[in-house]
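All values below come from the heavy atoms of this structure, side chains included, with hydrogens, waters and symmetry mates left out. Protein chains get the first letters and strands the later ones, always in sequence-line order, with residue 1 at the start of each.
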There are 2 protein chains.
Amino acid sequence: MSTGPTALPAAARRRPPRDEVRRALLDAAARTFARQGIDGASLDDVAAAAGFTKGAVYSNFGSKEGLVAALVDDRVSAYLDLGLAAVDDPAATLPERARALGDRLTAASDEQHDWHLLFLELWQRAVRTGRTDDSFVRRHGELRAAVAEAVAAHAEQAGAELPLPAASVATLLLALSNGLAIERMTDPAAVPDDLMGRVLALLVGGGTGPDQR
Amino acid sequence: MSTGPTALPAAARRRPPRDEVRRALLDAAARTFARQGIDGASLDDVAAAAGFTKGAVYSNFGSKEGLVAALVDDRVSAYLDLGLAAVDDPAATLPERARALGDRLTAASDEQHDWHLLFLELWQRAVRTGRTDDSFVRRHGELRAAVAEAVAAHAEQAGAELPLPAASVATLLLALSNGLAIERMTDPAAVPDDLMGRVLALLVGGGTGPDQR
DNA sequence: GGTATCGGATACCGCCCGGTATCCGCCCCC
DNA sequence: GGGGGCGGATACCGGGCGGTATCCGATACC
């Protein structure tokens with residue numbers, strides 16, 4: 001995977017556009033940091049994973065901290081978009097949508113181990129620094145607000161009465177997404193595929209009926 | 001806090017019993033690792049927090065990895081006991097118990113930031129090594145099984161029909177405990193005090209009625 | 001096509017940490 | 001109460017990492 005420039009026979013070497021280098025470094029950082037930990041991965045590791053050297057990192061991001069900051073911006077934004085897109089399916093009833101969203105998020109947690117690992121690491125950093133204006137925390141708050149808004153809109157559109165405030169539902173959705181991913185990564189058998197969907201349906205007042213899907 | 005032996009005026013120095021040293025080191029490790037990260041904290045840091053030096057750590061645990069392993073054993077066992085004790089209140093109805101448990105777990109998450117931080121770090125290590133027989137993973141599985149058993153017993157005793165299998169309820173309980181603690185640590189306002197209790201009540205079929213407590 | 005510039009490569013520095021070898025003094029037991 | 005052994009303290013080593021100064025070559029512009 002990821003054939004860097006140095007993979008070529010040292011002959012026809014082309015210098016890739018700067019944006020391309022940036023992207024490659026960010027992607028490599030996401031993978032490498034997720035797998036080895038932010039502190040556990042050296043800049044040499046990250047750069048090598050992208051097919052470059054440390055020099056490229058310092059040229060583009062100034063420092064390791066700068067790389068992490070850029071990564072937060074890049075990835076949390078992407079996650080927010082993904083989350084909103086997943087909810088924007090204007091079909092079917094509210095519980096049905098809840099179940100569909102749950103299934104999709106469950107599947108995503110299987111495919112995106114890296115993202116959850118990275119998310120938790122960024123969260124840890126934010127908590128440890130104690131800075132409430134941490135950019136990761138801020139972006140995460142935006143995500144929660146966006147989800148809450150979406151939940152409220154869908155409920156109103158369906159004319160349904162939520163058993164809990166929309167804001168709480170949003171919080172629970174995020175908490176379950178993380179919490180269940182955690183359980184599933186260490187013991188997949190403990191988290192049935194449809195569990196997330198069932199609970200989400202419960203949260204919007206739809207019951208869980210053994211198999212009414 | 002934690003007045004180590006060296007705090008004395010260098011005169012009346014007594015050698016503490018070995019078990020005492022072990023305990024002090026384990027406690028200091030839990031605090032220090034939680035706050036600075038397992039890799040971020042040096043053995044000097046840990047030993048100093050307990051009022052000793054690195055030599056004591058190597059004498060008692062052989063290596064940093066040995067200290068971490070001992071910590072896993074120590075802390076996960078304690079957590080399992082705490083969890084079981086919290087559920088063993090033979091009073092009131094099932095939803096009432098669920099709400100009480102939720103309140104208690106929420107309060108605990110406020111007081112035990114360190115434990116959640118440490119838990120997540122240990123979990124990350126287990127996931128990254130990929131060892132399914134990791135002792136942390138095994139102990140966590142035991143915890144889940146114990147919770148599932150307790151849930152089933154309580155439900156049967158109350159003659160209630162659970163909307164989800166007891167095992168799933170147990171998984172959800174753990175997931176919510178972690179997930180909500182995560183949300184609460186970065187933004188306390190986003191997680192109302194009674195949210196956990198309400199959801200747990202929902203999970204055991206008790207509804208959430210705005211304030212029937 | 002020649003040249004100036006910018007960006008990534010390379011070599012190097014200093015710090016810090018895990019680990020180890022060794023030392024020293026408090027406990028325990030006879 | 002005296003001596004031996006154990007347990008913690010101390011000093012030191014080696015490796016690895018973030019960061020930096022410098023080099024070199026490709027790109028783009030005239």
Side-chain angles (χ1 to χ4, degrees), chain A residues 2-29 32-33 35-71 121 125 129, chain B residues 2-29 32-33 35-71 121 125 129:
Chain A
S2 91
T3 54
T6 50
L8 297 181
R13 295 244 299 271
R14 279 241 322 262
R15 181 195 289 250
R18 191 160 174 78
D19 286 354
E20 218 169 275
V21 175
R22 227 184 121 88
R23 263 260 64 83
L25 285 174
L26 281 175
D27 291 343
T32 311
F33 284 162
R35 295 212 248 267
Q36 307 182 31
I38 295 179
D39 291 315
S42 71
L43 290 183
D44 282 326
D45 291 338
V46 172
F52 296 94
T53 66
K54 215 166 35 165
V57 175
Y58 278 95
S59 172
N60 279 280
F61 302 100
S63 69
K64 187 174 189 176
E65 206 50 49
L67 173 62
V68 172
L71 189 59
E121 184 118 21
R125 293 197 142 216
T129 59
Chain B
S2 93
T3 54
T6 50
L8 297 180
R13 294 245 300 270
R14 279 242 321 263
R15 181 196 286 251
R18 192 161 173 78
D19 286 355
E20 220 168 273
V21 176
R22 228 185 119 88
R23 261 260 65 79
L25 286 174
L26 280 175
D27 291 343
T32 311
F33 284 162
R35 294 212 248 267
Q36 307 182 29
I38 295 180
D39 291 315
S42 71
L43 290 183
D44 281 327
D45 292 338
V46 172
F52 296 95
T53 64
K54 213 167 39 165
V57 175
Y58 278 95
S59 172
N60 279 280
F61 302 100
S63 70
K64 187 174 190 176
E65 206 50 49
L67 173 62
V68 172
L71 190 60
E121 183 119 22
R125 292 198 143 217
T129 60

task = Would you indicate, yes or no, if C:dA9 has its OP1 or OP2 atom less than 4.0 angstrom from a side-chain nitrogen or oxygen of A:Thr53?
result = yes

message = Pick the closest DNA chain D nucleotide for A:Glu65 and for B:Val21 by heavy atoms, then say which residue is nearer the 5' end.
response = B:Val21

key: Between P of D:dG8 and CD of B:Glu20, the distance in whole Å   = 11 Å

request  = Specify the separation, in whole Å, of atom NZ of A:Lys64 and atom C1' of D:dC17.
outcome  = 8 Å

remark   = Walking DNA chain D from its 5' end, the first of A:Asp39 and B:Arg22 to be reached, judged by nearest nucleotide, is B:Arg22

task = Rounded off to whole Å, could you give me the CZ-to-C1' distance for the B:Phe33 and C:dC17 pair?
result = 13 Å

task = Give the rounded distance in Å between these two atoms: CZ of A:Phe61 and C1' of D:dG19.
result = 17 Å

message = Would B:Phe33 and B:Val46 count as a side-chain contact (heavy atoms from CB on, under 4.5 Å) here? Give the steps.
response = CA-CA 8 Å; B:Phe33 284 162; B:Val46 172; 3.7 Å; yes

request  = Answer yes or no: does a side-chain N or O of A:Asn60 lie under 4.0 Å from OP1 or OP2 of C:dG8?
outcome  = yes

ask   = Can you tell which of D:dG8, C:dG18, D:dT20 lies closest to the side chain of A:Tyr58?
value = D:dT20

remark   = When rounded to whole Å, the CG to P distance for the pair B:Asp44 and D:dT10 reads 11 Å

Distance, rounded to the nearest Å, where A:Ile38 contributes CD1 and D:dC17 contributes P = 16 Å

A:Ser59 side chain to A:Gly55 backbone, donor-acceptor under 3.5 Å = no

request  = For B:Ala41, report the nucleic acid contact type (base, sugar-phosphate, nothing); a contact means any heavy atom under 4.0 Å.
outcome  = sugar-phosphate

query = For the residue pair A:Ala50 and A:Ala28, what are the closest heavy atoms and their distance?
reply = CB-CB, 3.6 Å

inquiry  = Given the structure, check if the side chain of A:Lys54 and the base of D:dG19 hold any donor-acceptor pair shorter than 3.5 Å.
reply    = yes

query = When the distance from CG of B:Leu67 to P of C:dC17 is rounded to whole Å, what number comes out?
reply = 16 Å

ask   = Taking the side chain as C-beta and beyond, is there a heavy-atom pair between A:Glu121 and A:Val68 under 4.5 Å?
value = no

task = Choose from D:dG18, C:dG8, D:dA9 the nucleotide whose nearest atom is closest to any side-chain atom of A:Leu43.
result = D:dG18

message = Under 4.0 Å between a side-chain nitrogen and a carboxylate oxygen: does that hold for B:Asp27 and B:Arg23?
response = yes

